A.B. asks: 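After the structure tokens below, expect a handful of questions from me.
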Amino acid sequence: MRFSRAYIPTTKESPKDAQLPSHIYLSRAGFVAQVASGLYNFLPLGKRVLRKIENIINEEMAVCGALEVDLSFVTPAELWQESGRIEKFGKELLRFRDRKDNLFVLGPTHEEMMVSIVRNRVTSYKQLPLNVYQVKTKFRDEARPRFGLMRAREFVMKDGYSFHSSTEDLDREFDAMEAAYKRILERLGLEFRIVEADSGAIGGTGSKELMVLADSGEDTLAVCDTCEYGANVEAARRAPRTVIPEAPQADFARFKTPNIKSIEDLSNFFHVDPYYTLKAVVMRAVYTEGSEPVCFFIRGCDELQEVKARNSVGANDLVDISEAELMEIGLVPGFIGPLDQNKIRFVMDNDTRDATTMICGANEADYHFVGVDLNVMKDVVFADLVTVQAGDGCPHCGGKMEHTKGIEVGHIFKLGTVYSAPLKAEYLDENGRSQPFIMGTYGMGVSRLVAAVIEQHHDEKGCIWTHATAPYLVNVMVSNIKEETHMAYAEELYTTLQSRGIEVILDDRKERFGFKMSDAELIGFPFTVIVGKELENGLVQIMVRSSGEMITVDAANVLDKIEELRR
RNA sequence: CGGGGCGUAGCUCAGUCUGGUUAGAGUACUUGGUUUGGGACCAAGGGGCCGGAGGUUCGAGUCCUCUCGCCCCGACCA
């Protein structure tokens with residue numbers, strides 16, 4: 001491609017709406033342009049990157065024997081009513097009616113459609129397993145789209161679905177998909193972690209997220225500094241404590257603690273490590289029908305993890321509760337404890353099991369109990385409720401956990417029969433009995449990956465594309481196109497590179513050196529060959545975008561050098 | 001959906017508080033000239049329903065009401 005004939009509208013200034021590096025540079029460098037909130041046009045460069053990622057996905061899916069399909073973007077609402085997700089998705093499902101007044105939705109994901117193309121067609125265990133996928137536009141009418149391509153309403157996603165006749169076979173496929181996804185991200189040149197995730201309301205037995213590591217990531221991850229273990233902080237586990245603070249000496253007693261409400265005050269008041277205090281967090285648990293206040297007890301040194309807390313009571317949501325509501329129930333904020341009270345449903349964190357010499361609220365203003373042995377309580381519900389913190393022990397290897405930020409670019413799930421059962425997607429097993437498909441689902445955010453590459457690879461000058469994602473690997477830049485020998489050399493190099501199958505753009509624009517260099521850096525081609533005044537000495541330079549290095553090479557050896565650098 | 005902010009040239013913004021000829025700058029664009037290794041310089045141009053509707057006023061980019069759009073924080077995000 002000749003730059004003079006390309007459409008690459010770069011700008012010196014960033015759009016005022018852009019905040020994230022990926023949004024700023026992808027806009028400034030002319031890869032994408034915003035249309036409306038959460039809607040983007042992909043310009044020629046952006047489209048090239050998108051297709052490159054798509055191609056790599058297709059290649060790796062082919063290796064796994066997954067079959068590509070293309071399902072209708074507009075889907076009949078009946079399918080969604082059948083699965084019950086039309087209510088669940090709520091306003092995120094964009095609905096509309098056709099001329100005959102039939103209700104349709106724009107597909108936000110395609111479980112229903114995919115099940116519908118398989119059911120009644122795949123009818124025997126002999127036809128299983130089956131793995132079908134598509135790379136397709138999705139639409140979710142997000143309440144608040146943001147961060148450019150990272151959370152757009154319309155986006156491109158690879159969504160795959162596998163169908164099995166046994167959980168063992170699902171496990172095999174799940175592992176194969178995990179390996180394939182890993183290869184895809186490696187080929188894209190991204191630094192990532194595969195982490196355990198919360199399965200959420202959708203259930204299922206296994207769920208892993210693929211996280212591209214970047215400071216701007218929306219998800220917080222707890223990862224081990226030694227082994228491979230990592231998890232979304234919503235689902236992260238930790239090893240039992242090995243370092244236990246010295247226990248306070250106290251017999252059981254009711255102790256006056258005037259206006260001592262916070263864990264910090266309590267810890268200071270008694271000169272006791274917060275480990276030996278009991279923190280009470282009361283929230284209103286909202287269920288499909290009705291709601292109730294629930295109290296979660298955790299050690300004072302820990303933090304409540306809301307997703308875990310929500311799962312522990314099977315609630316759809318947890319919302320804050322006011323002090324007034326607490327008083328109504330008969331609880332005194334700041335002095336809530338688990339002993340001698342049946343005013344509220346409560347759940348205790350696993351780490352409080354068998355806890356002794358604890359300090360907890362006495363359910364009376366200005367009083368706490370000290371020297372509490374929690375074993376005195378009967379029929380207590382325990383669950384994992386706490387947030388894994390930096391420095392906690394890894395549950396697998398004893399390494400230290402640390403926090404990092406990640407961009408979720410993939411999510412793989414063992415669905416089981418969550419969809420196949422209600423949608424009556426069944427096959428006949430060896431015994432001639434009807435069974436629902438055992439399913440897995442594998443998603444990957446293709447347009448989000450475009451942004452993720454830049455979030456992880458940019459500097460103050462612009463984009464730094466990895467070799468596999470670059471719109472063109474090499475930019476041949478002619479410093480001054482009026483120099484005929486320079487142009488002639490560049491033209492020849494351009495042709496040669498093309499014939500070698502290297503994607504190349506020739507910057508033949510009638511612009512000055514500095515202008516073109518800035519563009520090259522902003523757009524982020526991995527290599528820019530600078531054809532300029534050094535050519536008189538038989539030399540050209542190669543600017544390596546990732547390092548900023550300027551390599552002077554013999555004009556006759558550019559090809560070899562490029563081949564060497566790209567490896 | 002709650003809270004906050006912003007809509008003026010393709011883009012980034014001034015002007016709005018305190019109403020008053022023909023609405024500005026930078027950049028981008030067109031033409032000519034000079035330049036040519038880090039976003040050049042000179043000159044001449046084109047480009048605006050001041051987001052939209054209604055109102056107040058002799059007069060509205062500016063004040064009032066309504067509305068639409070976009071961004072940020074939060075809620076939300078199978």
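So you know, we letter chains A, B, ... as the sequences are listed, proteins then strands, and number each from 1. Bear in mind that the values here come from a model prediction, so they are computed numbers and not experimental data. When reading the values below, keep in mind they use all heavy atoms of this one structure, side chains included, and skip hydrogens, waters and symmetry mates.
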A.B. asks: May I ask which nucleotide in the shown strands pairs with B:rG74, Watson-Crick or G-U wobble, both distances under 3.5 Å?
C.D. replies: B:rC1
A.B. asks: Please give the nucleotide sitting opposite B:rG24 as a Watson-Crick or G-U wobble pair, both distances under 3.5 Å, or none.
C.D. replies: B:rC13
A.B. asks: Could you check whether A:Arg48 makes a cation-pi contact with A:Tyr472, meaning its NZ or CZ is under 6.0 Å from the centre of the six-membered ring and within 45° of the ring axis?
C.D. replies: yes
A.B. asks: Using a 4.0 Å cut-off on heavy atoms, which residues in residues 25-48 of chain A reach RNA chain B? List them by number, or say none.
C.D. replies: A:Arg28, A:Gln34, A:Ala36, A:Ser37
A.B. asks: Can you sort out the partners of A:Arg237 under salt bridge (Lys or Arg N to Asp or Glu O under 4.0 Å), two or more places apart, ordered by chain and number?
C.D. replies: A:Glu196
A.B. asks: What residues from residues 450-465 of chain A pass a heavy-atom cutoff of under 4.0 Å to RNA chain B?
C.D. replies: none
A.B. asks: Any strand counts, and the cut-off is 3.5 Å on both contacts for Watson-Crick or G-U wobble. Which nucleotide pairs with B:rU57?
C.D. replies: none
A.B. asks: Please report the distance, rounded to the nearest Å, between CD in A:Glu142 and P in B:rC72.
C.D. replies: 12 Å
A.B. asks: Base, sugar-phosphate, or nothing for A:Met477, non-hydrogen atoms under 4.0 angstrom?
C.D. replies: nothing
A.B. asks: So that I can tick it off, tell me whether A:Arg151 and A:Glu218 are bridged by a salt bridge, with the cut-off set at under 4.0 angstrom between side-chain N and carboxylate O.
C.D. replies: yes
A.B. asks: What is the distance, rounded to the nearest whole Å, between atom CD of A:Glu92 and atom P of B:rC77?
C.D. replies: 7 Å
A.B. asks: In the structure shown, which nucleotide is the Watson-Crick or G-U wobble counterpart of B:rG7, with both distances under 3.5 Å?
C.D. replies: B:rC68
A.B. asks: May I ask you to say what A:Glu408 touches in the nucleic acid, namely base, sugar-phosphate or nothing, with a heavy-atom cut-off under 4.0 Å?
C.D. replies: nothing
A.B. asks: If we count only N and O atoms by modelled type, under 3.5 Å, do the side chains of A:Arg85 and A:Tyr419 hold a donor and an acceptor together?
C.D. replies: yes
A.B. asks: Do we see a donor-acceptor contact under 3.5 Å between the side chains of A:Glu111 and A:Thr109?
C.D. replies: yes
A.B. asks: Could you work out the separation of B:rG61 and B:rA9 based on their P atoms and round it to a whole Å?
C.D. replies: 15 Å
A.B. asks: Atom CG of A:Asn316 to atom P of B:rA75: distance rounded to whole Å?
C.D. replies: 18 Å
A.B. asks: Show the distances under 3.5 angstrom between N or O atoms of the protein and N or O atoms of nucleotides 40-49 of chain B.
C.D. replies:
| from | atom 1 | to | atom 2 | distance (Å) |
| --- | --- | --- | --- | --- |
| B:rA40 | OP2 | A:Arg512 | NE | 3.4 |

A.B. asks: Within this structure, what is the CG-to-P distance between A:Leu522 and B:rG38, rounded to whole angstrom?
C.D. replies: 18 Å
A.B. asks: Measure from the side chain of A:Lys482, starting at C-beta and using heavy atoms only, and say which of B:rC72, B:rU36, B:rG38 lies closest.
C.D. replies: B:rU36
A.B. asks: Separation of A:Met543 atom CE from B:rG37 atom C1', in whole Å?
C.D. replies: 13 Å
A.B. asks: Looking only at side-chain N and O atoms, does A:Arg144 come under 4.0 Å of OP1 or OP2 in B:rC71?
C.D. replies: no
A.B. asks: Could I get the full list of side-chain contact (heavy atoms from CB on, under 4.5 Å) partners for A:Gln19, not counting sequence neighbours?
C.D. replies: none
A.B. asks: Starting at the 5' end of RNA chain B and moving along, which residue's nearest nucleotide shows up first, A:Lys12 or A:Ala143?
C.D. replies: A:Lys12
A.B. asks: Excluding sequence neighbours, so at least two apart, what forms ring pair (Phe, Tyr, Trp, His ring centres under 6.0 Å) with A:Phe163?
C.D. replies: A:Phe437
A.B. asks: Output the rounded distance in Å from NE2 (A:His411) to P (B:rC77).
C.D. replies: 14 Å
A.B. asks: Under 3.5 Å, is there a donor-acceptor pair linking the side chains of A:Asn232 and A:Asp198?
C.D. replies: no
A.B. asks: Go nucleotide by nucleotide along RNA chain B from the 5' end; which of A:Met550 and A:Met157 gets its closest nucleotide reached first?
C.D. replies: A:Met550
A.B. asks: Please determine whether the number of non-hydrogen atoms from other residues, nucleotides or ligands lying under 6.0 Å from atom CG of A:Asp459 exceeds 12.
C.D. replies: yes
A.B. asks: Expressed in whole Å, how much space separates the P atoms belonging to B:rG45 and B:rG26?
C.D. replies: 15 Å
A.B. asks: Does B:rG46 have a Watson-Crick or wobble partner in any strand here, with both distances under 3.5 angstrom, and which is it?
C.D. replies: none
A.B. asks: What orientation do A:Tyr25 and A:His458 show, parallel under 30°, tilted 30 to 60°, or perpendicular over 60°?
C.D. replies: tilted
A.B. asks: Using whole Å, what does the distance between atom P of nucleotide B:rC73 and atom CZ of A:Arg151 come to?
C.D. replies: 10 Å
A.B. asks: With no hydrogens and no angle check, just 3.5 Å: does a side-chain donor-acceptor pair link A:Glu521 and A:Ser518?
C.D. replies: no
A.B. asks: Looking for any heavy atom pair under 4.0 Å, which part of the strands does A:Asp141 touch: base, sugar-phosphate only, or nothing?
C.D. replies: nothing
A.B. asks: List for me each residue that meets side-chain contact (heavy atoms from CB on, under 4.5 Å) alongside A:Asp508, sequence neighbours excluded, and say none if there are none.
C.D. replies: A:Arg2, A:Phe3, A:Ser4, A:Met487, A:Leu506
A.B. asks: Please tell me whether A:Ser162 and A:Tyr442 have a donor and an acceptor in their side chains that are separated by less than 3.5 angstrom.
C.D. replies: yes
A.B. asks: Using the P atoms only, state how far B:rU62 lies from B:rU16, rounded to an integer number of Å.
C.D. replies: 12 Å
A.B. asks: Determine which nucleotide pairs with B:rU36, using a 3.5 Å limit on both distances of a Watson-Crick or G-U wobble pair.
C.D. replies: none
A.B. asks: P atom, B:rG55 versus B:rA60: distance in rounded Å?
C.D. replies: 12 Å
A.B. asks: Tell me the interatomic distance from A:Leu20, atom CG, to B:rC72, atom P, rounded to whole angstroms.
C.D. replies: 8 Å
A.B. asks: Looking at residues at least two apart in the chain, or sitting in another chain, which of them share a side-chain contact (heavy atoms from CB on, under 4.5 Å) with A:Ala214?
C.D. replies: A:Ser216, A:Ile407, A:Glu455
A.B. asks: Which side-chain N or O atoms in residues 509-517 of chain A pair as donor and acceptor under 3.5 Å with protein atoms at least two apart or in another chain?
C.D. replies:
| from | atom 1 | to | atom 2 | distance (Å) |
| --- | --- | --- | --- | --- |
| A:Arg509 | NE | A:Asp507 | OD1 | 2.9 |
| A:Arg509 | NH1 | A:Asp519 | OD2 | 2.9 |
| A:Arg509 | NH2 | A:Asp507 | OD2 | 3.1 |
| A:Arg509 | NH2 | A:Asp519 | OD2 | 3.1 |
| A:Lys516 | NZ | A:Val478 | O | 2.7 |
| A:Lys516 | NZ | A:Asp507 | O | 3.3 |
| A:Lys516 | NZ | A:Arg509 | O | 2.6 |

A.B. asks: List the residues meeting side-chain hydrogen bond (donor to acceptor under 3.5 Å, both in side chains) with A:Ser291, not counting sequence neighbours, and say none if there are none.
C.D. replies: A:Arg284
A.B. asks: Expressed as a whole number of Å, how far does the P atom of B:rC17 sit from that of B:rU21?
C.D. replies: 14 Å
A.B. asks: Using a distance-only criterion (donor-acceptor N/O pair, under 3.5 Å, no hydrogens), is the base of B:rG37 paired with the side chain of A:Gln541?
C.D. replies: yes
A.B. asks: Determine the interatomic distance between C1' on B:rA40 and the same-named atom on B:rG46; round to the nearest Å.
C.D. replies: 23 Å
A.B. asks: Kindly write out the residues that satisfy salt bridge (Lys or Arg N to Asp or Glu O under 4.0 Å) with A:Glu303, not counting sequence neighbours, or none if the list is empty.
C.D. replies: A:Lys279
A.B. asks: Considering only nitrogen or oxygen atoms on both sides, find all protein atoms under 3.5 Å from nucleotides 8-15 of chain B and state each distance.
C.D. replies:
| from | atom 1 | to | atom 2 | distance (Å) |
| --- | --- | --- | --- | --- |
| B:rU12 | OP1 | A:Lys16 | N | 3.1 |
| B:rU12 | O4' | A:Glu13 | OE1 | 3.4 |
| B:rU12 | O2' | A:Glu13 | OE2 | 2.9 |

A.B. asks: Out of B:rC73, B:rC77, B:rC1, which nucleotide sits closest to the side chain of A:Arg146?
C.D. replies: B:rC73
